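Basis for what follows: all heavy atoms, side chains included, without hydrogens, waters or symmetry-related copies. If you're wondering where the values come from, they're calculated on a predicted model, not measured in any experiment. Numbering of ligands and ligand atoms starts at 1, following listing order.
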Amino acid sequence: ATKTFNFKLVLLGESAVGKSSLVVRFVKDQFDDYRESTIGAAFFTQVVPVDDQTTVKFEIWDTAGQERYKSLAPMYYRNAQCAVVVFDITQEASFEKAKTWVKELQRQADPDIVIALVGNKNDLTSRRAVPAEEAQAYADEAGLLFQETSAKTGANVGDLFKAIAKKMPLD
Ligand code: GDP
Ligand code: MG
């Protein structure tokens, strides 16, 4: 028999870094170049098999990145057990914004929250503005999981959620 563990997961990060695209890739294995921007927040679920006895079910809140929705974010991260903070590897400013989200989570969210930092759009290597080593060093220092992904190609998207699932308290 397999045991299923449910966890609330919130996606945070600047607008247009690919939060919605990552969720759609993870949940539906689809990508589209003209995704409409998220209004408020959207809800998805997806399961991740961890081993033959254990399954994790993520209840995913995909938030809107725009400033005007910023005041709503605490509502989504307050009772989340995991957070995925996304930046775009071609936009230095989105990495700075991601660090701001991490600090806010570390101050205001559940002290046991599992945080993953994600550098998305790593298919756009020729336009890279944030070195992977720099993001990895920051993640190590701040105690975060780190993964570079591409919602477009699907690279590392499954691995990201699997790594988070494995870090959750499964007992
Ligand atoms: P959100 O505002 O953070 O939810 O970002 P979206 O998911 O709406 O994506 C913003 C734009 O970036 C859209 O045009 C997507 O098609 C594009 N995009 C998202 N992920 C990737 C990716 O991994 N690679 C590339 N090349 N484009 C992406
Ligand atoms: Mg969105």
Side-chain angles (χ1 to χ4, degrees), residues 7-46 48 58-80 82-106 108-109 113-136 138-139 142 144-165:
F7 297 107
K8 289 200 176 69
L9 182 152
V10 64
L11 277 132
L12 298 165
E14 196 165 82
S15 194
V17 295
K19 298 178 297 298
S20 299
S21 299
L22 275 172
V23 188
V24 170
R25 170 61 76 189
F26 176 52
V27 172
K28 301 184 182 159
D29 200 18
Q30 290 170 3
F31 177 78
D32 96 61
D33 279 301
Y34 303 98
R35 181 148 304 287
E36 282 171 38
S37 54
T38 311
I39 310 286
F43 179 73
F44 301 82
T45 64
Q46 179 61 298
V48 177
F58 287 118
E59 299 165 355
I60 303 170
W61 287 97
D62 172 24
T63 66
Q66 291 94 330
E67 267 323 296
R68 75 189 123 121
Y69 296 117
K70 181 140 196 335
S71 61
L72 298 179
M75 223 164 65
Y76 297 103
Y77 67 64
R78 204 179 302 129
N79 49 20
C82 25
V84 174
V85 179
V86 186
F87 67 95
D88 171 348
I89 67 149
T90 73
Q91 302 291 337
E92 170 70 32
S94 73
F95 180 51
E96 297 309 317
K97 182 75 196 184
K99 292 183 192 170
T100 305
W101 277 118
V102 169
K103 287 192 198 101
E104 178 166 340
L105 288 169
Q106 290 181 331
Q108 319 262 37
I113 194 166
V114 171
I115 305 174
L117 177 70
V118 173
N120 188 43
K121 307 198 186 181
N122 92 333
D123 55 292
L124 302 176
T125 38
S126 63
R127 286 165 48 193
R128 177 187 287 277
V130 181
E133 304 71 37
E134 188 184 332
Q136 179 73 66
Y138 167 71
L144 320 171
L145 288 168
F146 173 65
Q147 187 75 260
E148 283 199 350
T149 59
S150 169
K152 184 165 186 163
T153 66
N156 297 337
V157 176
D159 290 351
L160 163 67
F161 287 94
K162 187 120 188 176
I164 297 168

(request) For the residue pair F58 and F7, categorise the inter-ring angle as parallel (less than 30°), tilted (30 to 60°) or perpendicular (more than 60°). (result) tilted
(message) Side chains of D88 and S94 only: does a donor on one sit below 3.5 Å from an acceptor on the other?
(response) no
(request) For D33, take its heavy atoms, then give the atoms of ligand 1 lying under 4.0 Å from any of them. (result) 13 (C), 14 (O), 16 (O)
(message) Between ligand 1 and S37, can you find any atom pair, the residue atom being a heavy atom, that is separated by under 4.0 Å?
(response) no
(message) Just to confirm my output: which protein heavy-atom neighbour is closest to atom 20 (N) of ligand 1, and how far is it?
(response) N120 ND2, 3.2 Å
(message) More than 12 heavy atoms of other residues, nucleotides or ligands under 6.0 Å from CZ of R128: yes or no?
(response) yes
(request) Closest by any non-hydrogen atom to atom 9 (O) of ligand 1: pick that one out of S21, G154, G119, G13. (result) S21
(request) Report yes or no: does S15 have an N/O/S atom closer than 2.8 Å to the Mg ion (ligand 2)? (result) no
(message) Closer than 4.0 Å to some heavy atom of D123 - which atoms of ligand 1 meet that?
(response) 22 (C), 23 (O), 24 (N), 25 (C), 26 (N)
(request) Pick one of side chain, backbone, both or neither for how D32 approaches ligand 1, counting any non-hydrogen atom pair under 4.0 Å. (result) backbone
(message) Taking 4.0 Å as the limit for heavy-atom contacts, which would you say applies to V17 with ligand 1: side chain only, backbone only, both, or neither?
(response) both
(message) Taking only non-hydrogen atoms of V86, do any sit less than 4.0 angstrom from ligand 1?
(response) no
(message) So if I count the atoms of ligand 1 from 1 in the order they appear, which ones are less than 4.0 Å from some heavy atom of K19?
(response) 1 (P), 2 (O), 3 (O), 4 (O), 5 (O), 7 (O)
(message) Given 3.5 Å as the limit, does a donor-acceptor pair link the side chain of D62 with the main chain of A42, or not?
(response) no
(request) Say whether S20, considering both its backbone and side-chain N or O atoms, lies within less than 3.5 Å of an N or O atom on ligand 1. (result) yes
(message) As an exercise, state the distance from CD of E14 to CD of E96, rounded to the nearest 0.5 Å.
(response) 10.5 Å
(request) Give the ring-plane orientation class for F87 versus F95, where under 30° counts as parallel, over 60° as perpendicular and anything between as tilted. (result) tilted
(request) Test side-chain hydrogen bond (donor to acceptor under 3.5 Å, both in side chains) on S150 and N122 and set out the steps. (result) CA-CA 5 Å; S150 169; N122 92 333; 4.8 Å; no
(request) Could you tell me which atoms of ligand 1, counted from 1 in the order shown, lie closer than 4.0 angstrom to a heavy atom of S150? (result) 23 (O)
(request) Find out whether F26 and L160 are in side-chain contact, i.e. whether some heavy atom of one side chain is under 4.5 Å from a heavy atom of the other. (result) no
(message) Could you identify the single nearest non-hydrogen protein atom to atom 2 (O) of ligand 1 and state the distance to 0.1 Å?
(response) A16 N, 2.8 Å
(message) Considering non-hydrogen atoms of the protein only, which is the closest contact for atom 23 (O) of ligand 1, and what is the distance?
(response) A151 N, 2.9 Å
(request) Determine whether K152 and D33 make a side-chain contact, defined as any pair of heavy atoms from C-beta on separated by less than 4.5 Å. (result) yes
(message) Measuring only between side-chain heavy atoms, which start at C-beta, is L105 closer than 4.5 Å to L12?
(response) yes
(request) Check whether any side-chain N or O of Q106 sits under 3.5 Å from a backbone N or O of A142 as a donor-acceptor pair, and report yes or no. (result) yes
(message) Any nitrogen or oxygen of G18 lying under 3.5 Å from a nitrogen or oxygen in ligand 1? Just yes or no.
(response) yes
(message) When you compare ligand 1 with K121, is there at least one nitrogen or oxygen pair between them that comes in under 3.5 angstrom?
(response) yes
(request) Kindly confirm or rule out an N or O of L124 lying under 3.5 angstrom from an N or O of ligand 1. (result) no
